[in-house]
Structures are given as C-alpha cells and as structure tokens.
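Below: one structure, written as structure tokens.
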Amino acid sequence: MFANKHTNISITVSDEEPDELGRMRVRARRKRKKLTNRRLLRRLFVRYWTLLVIIPAACLLFFEASRIARYNSSSSNNVDSETVTVTTRDDRVVNESKPALGKGMGVEQHKNLNRIDPTTHVVAGVRERCLKILSPENLETLDIPEEKESGGPIDEVLYMKSESDASFVGGNTTFSQLRAEDTRFNLFTGNQTLEERDRSFEVKKTVKVHCGFYNVNGGFKISDEDESYMQTCKAVVSTCAFGGGDDLYQPIGMSKASIQKVCYVAFWDEITVKAQELVGRRIGENGFIGQWRVVVVKDLPFSDQRLNGKIPKMLSHRLFPQAKYSIWVDSKSQFRRDPLGVLEALLWRSNSILAISEHGARSSVYDEAKAVVKKNKAKPEEVEVQLNQYKKDGLPEDKRFNGKKALCEASVIVRKHTPLTNLLMCVWFNEVVRFTSRDQLSFPYVLWRLKAFKNIHTFPVCTRKDLVNSMGHIRKAKPLQS
C-alpha cells in the first residue's frame, strides 16, 4: 500500500569510492582545533596579562630591596669597624672614622650619619660620581699651595672701623645691639649709607668697605685663647649654632694629611653650650668636641640668630686672618669629604677662587622672592623693599650670569681668601643686614654688581649631596634618661 503512494529512490554506496565528505570533515575538525587553541591563548592572555607584569616586577622589587639592605648593613659595619688613630695638627689623638654619636643621639640619627658612599648621576648614559675627588693615595700627598701674587683687579681691601659711636642714636657704646634708627645696622656693622653702599661695589686697586667688627664694643667677643688658635689656621672648615641651634655632627672621610693641616671650628653661643650640655655633650678641657674646636662667642650683635649666623658664614676672612682657604658648612649638615680634596676638586682644578652650591628648585631671584614670602621666611614688606631697590639699580631678570646659574642655595661655600672674594663677602654681608637675612636673594645682586668676578664655580645639587649628609629632616636629640 505504501509503495503505491511514494517513489522509491535508491542510493548505491561503494567501498571503492573516496569518502570526500569524510576528508572534509577531518580537515574541518583539525582546522577548528587549531583555531580553538589560539582563541584559548588569547583569552588567557587578556584575562591574566596583569599577572605577567606584576609577578616579574614584584620579584625585581624584592631583589633590589634585599640588595640595598645587604649593602646598608655592610656599609654600617665598615664605618663602625674601620677606625684609624691619627694625630691632629695640634697633637691631639683622634679616631679618623669615629662614629659621630654623642650621648642622647637617637638610633634614627645613627642611621643617617657616617655615610661615605659616593653620590652619582647619569651623564650621556654613563653613571659617574657627582664630585670627582682624588683617590685616597693621592689625597695623602695634597698640601696647601704656597701663596702667590693674586694679580687680580683688587690689591687691598680696607675695613671701616671706629673707636667712637658718634654716628649712632643714643650714644651708648656698652650695648652691641644699639642700632641706627629704622635699620638693623649697629655698632658691629657700622651705619652704612646708600652712597657708601654704591661705592663698595666699585672694583679698584684699593677698596674701603664696611665688613663687620666696626666698633670695639660691637660684640661677637671671642676669648684670647680661641683667638690665638684661630690665628694658626691656614685652611678651615667652619660651622655655627646659636640660640640652642642644631646638633654638632662630626666630620668624616678625611685623610690623615687633612687632619694634620686643616682646622675644624664650630661657633657656639652660651645658650647652645647649655643646651648641648643637657644632652651630654660637653666641651673638653682642651676646647674640643671630637674633631671640632668649639669657639664660644659672647655678646652676639643681633637679636635675630639668623643674622648672627651670617658672621661666621660670610666673614671667615676676618675671623681667620691667616687662613688661605675656608669651607663653610651649614649646621644641619655633616661634612663627609676630605677638605683638601674638596679644595682641589672645586677650586684648584678649575682655577676658581669661589665655589658655591646652586639652588635646586629655582634660578631667578624674583621667583625666589615669591617663594620666600609664600613660605613665611621673611616679611612681605621687607622683601618688597629689597626687590624695589634691586629693580631701581637695574638688576635684570636673567636666570644666568656669565653662563652660570644666578641663584645659589649657599649651604656649602668653598673659597680662597683673596681681596676679591673678601670684598664679595663683605658687600654680601652688608646686603643681608640692610634688607632680609635670606642670603639667596642678595647673592645674585652682589655677583651682578661685581662685574669683575668671573672665576666662580657654581656646583649642582648632586655635588652638594656628595659633600654633606643633610640632617635637616631629623629631629633633635633628646637627653638620655639616667
């Protein structure tokens, strides 16, 4: 019955015929298999690519952290163990690399002291030292060169002084802080007029200028014993702390030759002496604390301790009249290089007479003035008076003078005592007395006014960091509990 209703279709299948469809199916399956693997890899990569980056980075970070930890540990051990007993220029016996830990100094400070590893930077793809100082063997052979005729534009600088106080209101010479009306000039500075200020910038063979120590009753009194010691110094590293001040950090990295030839002098007032005694740091009977000869100054001329600090910073040629070279280091820093090596690297090698640290953040005095006001480091009206005078005198807004950065940070000053550098320091000191005590504002002006000042070496922040360990961010030491 069903055969009548439907048409039958017969299909013959022979074993001899090739199974083209089967081959196509095999090929298709193989092709799909390959595509599936690629898709799987792609999906895995998209999903887990962050792990491929994070895991190697974490391994590298762990490796670097462990390497730095091992290096710091070995450096600390080397500093503590490598102590060499040497004899100083005044026949004292000291340890050259003795840790600068005094009583009451905390562990946090200990970790930041005595680091003598060099500071480096990359130049043209090559890492090199910021301060290219001589090898230890060559440092031992260095000596202070014999004085030669300067042959500079100035032969002699005469310092104004007076035995009377006639130019001051009040007429009382028993007070060093007696001031001229409406100024910070006093018996120590003398009352410099604007006409005298202008003449002080004239470069000629003989110059007469105010340069502190104007009157015998002007203050900054030093004992005869300390004064006699300072008269013997041919090269000196100096610092100061007044009004309680900062801790005294012992210098490191000196050669035996430098210890025997260079003075280290720290200026304190009586308040700082008492403050340091409270934390167990007392001046020895010989006048020393470690490597530093501590000179106690009485009758400071200014009520502003920042101004008092400018005296040893800028007038080292007056405090050390026999010295040929001086290095100033701010009290918040630990000097960590050989001083004769520093003189060779920053002065002798480049035939310079002054080396000073550049400002790390700014280049213009006008930009610095804005920052000083913003950070409340000086009164806005004082800064305005100073800048108005400088604009009136024609100070340009140039960020470089004679190819060098105009603005300097001045926490480290290295100089040869010549008539020209002595004059620069005198007029710079007068500017910080007349205007604000922020010496960064006045240095570019002084450098610009003294057109003859050419051979100056302004070194970058990188070099300054190699010269000193900065302790400004560390809290002061607390007295030990007995």
Side-chain angles (χ1 to χ4, degrees), residues 89 116 118-121 123 128-155 157 232-239 251-265 313-314 316-317 320-329 333 335-358 402-405 408-425 443 447 450 452-468:
R89 58 187 296 278
I116 59 175
T119 303
T120 61
H121 62 162
V123 178
E128 58 183 34
R129 286 193 61 164
C130 297
L131 177 65
K132 297 180 180 179
I133 203 165
L134 295 177
S135 66
E137 295 77 14
N138 290 330
L139 289 177
E140 293 295 346
T141 64
L142 282 179
D143 201 353
I144 302 172
E146 293 296 327
E147 186 68 26
K148 299 179 181 179
E149 293 294 331
S150 63
I154 301 176
D155 290 337
V157 179
T232 67
C233 297
K234 300 298 182 183
V236 58
V237 178
S238 63
T239 189
I252 57 175
M254 308 90 71
S255 65
K256 295 179 182 178
S258 287
I259 292 177
Q260 296 171 354
K261 298 171 184 176
V262 179
C263 297
Y264 291 83
V265 177
K313 180 176 184 176
M314 299 177 177
S316 58
H317 58 286
F320 302 94
Q322 303 302 319
K324 299 177 181 178
Y325 296 93
S326 65
I327 300 175
W328 166 262
V329 181
S333 302
F335 192 63
R336 65 185 190 126
R337 290 291 174 250
D338 179 74
L340 291 181
V342 170
L343 292 174
E344 191 279 332
L346 298 182
L347 296 185
W348 304 339
R349 195 181 302 174
S350 58
N351 196 29
S352 301
I353 57 176
L354 174 69
I356 190 168
S357 55
E358 292 180 348
N402 298 325
K404 301 181 185 297
K405 194 171 183 179
C408 290
E409 183 257 355
S411 63
V412 179
I413 302 174
V414 183
R415 71 182 182 105
K416 181 180 181 181
H417 290 191
T418 69
L420 187 56
T421 61
N422 294 346
L423 174 62
L424 180 139
M425 291 295 170
F443 182 79
L447 192 63
L450 292 175
F453 210 105
K454 304 294 183 182
N455 44 348
I456 177 174
H457 183 174
T458 56
F459 51 87
V461 174
C462 174
T463 302
R464 173 178 59 80
K465 290 182 177 180
D466 195 276
L467 286 169
V468 297

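The first residue of the sequence shown is numbered 1, and numbering continues consecutively from there. None of the values given here were measured: they were computed from a predicted structure.
- With hydrogens and angles ignored, the 3.5 Å screen pairs a side-chain donor or acceptor of Arg336 with a backbone N or O of Lys465.
- Counting only heavy atoms from C-beta outward, the side chains of Ile413 and Met425 approach each other to under 4.5 Å.
- Side-chain N or O atoms of Thr458 include none that pairs as donor or acceptor with a backbone N or O of Ile356 at under 3.5 Å.
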- Audit row: Asp338, Ser255, side chain to side chain donor-acceptor pair (under 3.5 Å) steps and yes/no: CA-CA 6 Å; Asp338 179 74; Ser255 65; 2.7 Å; yes
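- The side-chain heavy atoms of Leu423 and Leu450, taken from C-beta on, include a pair separated by under 4.5 Å.
- Pairing each heavy atom of His457 with each of Ser350, the nearest pair is ND1-OG, 3.9 Å.
- Tested against Ile327 for a side chain to side chain contact (heavy atoms under 4.5 Å, CB included), the candidates Leu467, Val237, Leu347 yield a single pass: Val237.
- In this structure, the side chains of Phe335 and Val342 come closer than 4.5 Å at one or more pairs of heavy atoms.
- Put simply, the side chain of Glu358 does not reach to within 4.5 Å of the side chain of Cys462, judged on heavy atoms.
- Nearest heavy-atom pair, Ser326 versus Ser316, reported as atom, atom and distance to 0.1 Å: OG-OG, 3.2 Å.
- Within the 4.5 Å cutoff, side-chain heavy atoms of Leu131 are placed close to those of Leu346.
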message: side chain to side chain donor-acceptor pair (under 3.5 Å), that's the test. Do Asn138 and Thr141 meet it? Break it down for me.
response: CA-CA 5 Å; Asn138 290 330; Thr141 64; 4.9 Å; no
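- Inter-residue side-chain proximity for Lys324 and Leu343 is flagged as unmet; no heavy-atom pair is nearer than 4.5 Å.
- You'll find the side chain of Ile456 stays beyond 4.5 Å of the side chain of Ile353, heavy atoms only.
- Side chains of Thr463 and Asp466: no donor on one and acceptor on the other come within 3.5 Å.
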- Task: Check the pair Arg349, Lys132 against side chain to side chain contact (heavy atoms under 4.5 Å, CB included), reporting the backbone distance first and the verdict last.
- Result: CA-CA 11 Å; Arg349 195 181 302 174; Lys132 297 180 180 179; 3.8 Å; yes
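- Closest of all the heavy-atom pairs between Thr239 and Trp328 is CA-CZ3, 3.5 Å.
- Considering CG of Leu139 and CG of Leu134, their distance stands at 5.5 Å, rounded to 0.5 Å.
- A 4.5 Å side-chain heavy-atom check between Leu142 and Trp348 finds at least one atom pair inside the cut-off.
- The structure places CG of Leu424 at 9.5 Å from CE of Met314, a figure rounded to the nearest 0.5 Å.
- Among all heavy-atom pairs drawn from Glu140 and Ala257, the shortest one is OE1-N, 3.2 Å.
- Checked by atom type, the side-chain pair His317/Arg415 shows a donor-acceptor distance below 3.5 Å.
- For the atom pair SG (Cys263) and CZ (Phe320), the distance works out to 7.0 Å, reported to the nearest 0.5 Å.
- When only modelled atom types and interatomic distance are considered, Thr119 and Arg464 share no side-chain donor-acceptor pair under 3.5 Å.
- Judged by distance alone, the side chain of His417 and the main-chain N or O of Tyr325 form no donor-acceptor pair under 3.5 Å.
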Exercise for review: Mind running side chain to side chain contact (heavy atoms under 4.5 Å, CB included) on Leu340 and Lys261 for me, showing each step along the way?
Suggested key: CA-CA 9 Å; Leu340 291 181; Lys261 298 171 184 176; 4.2 Å; yes
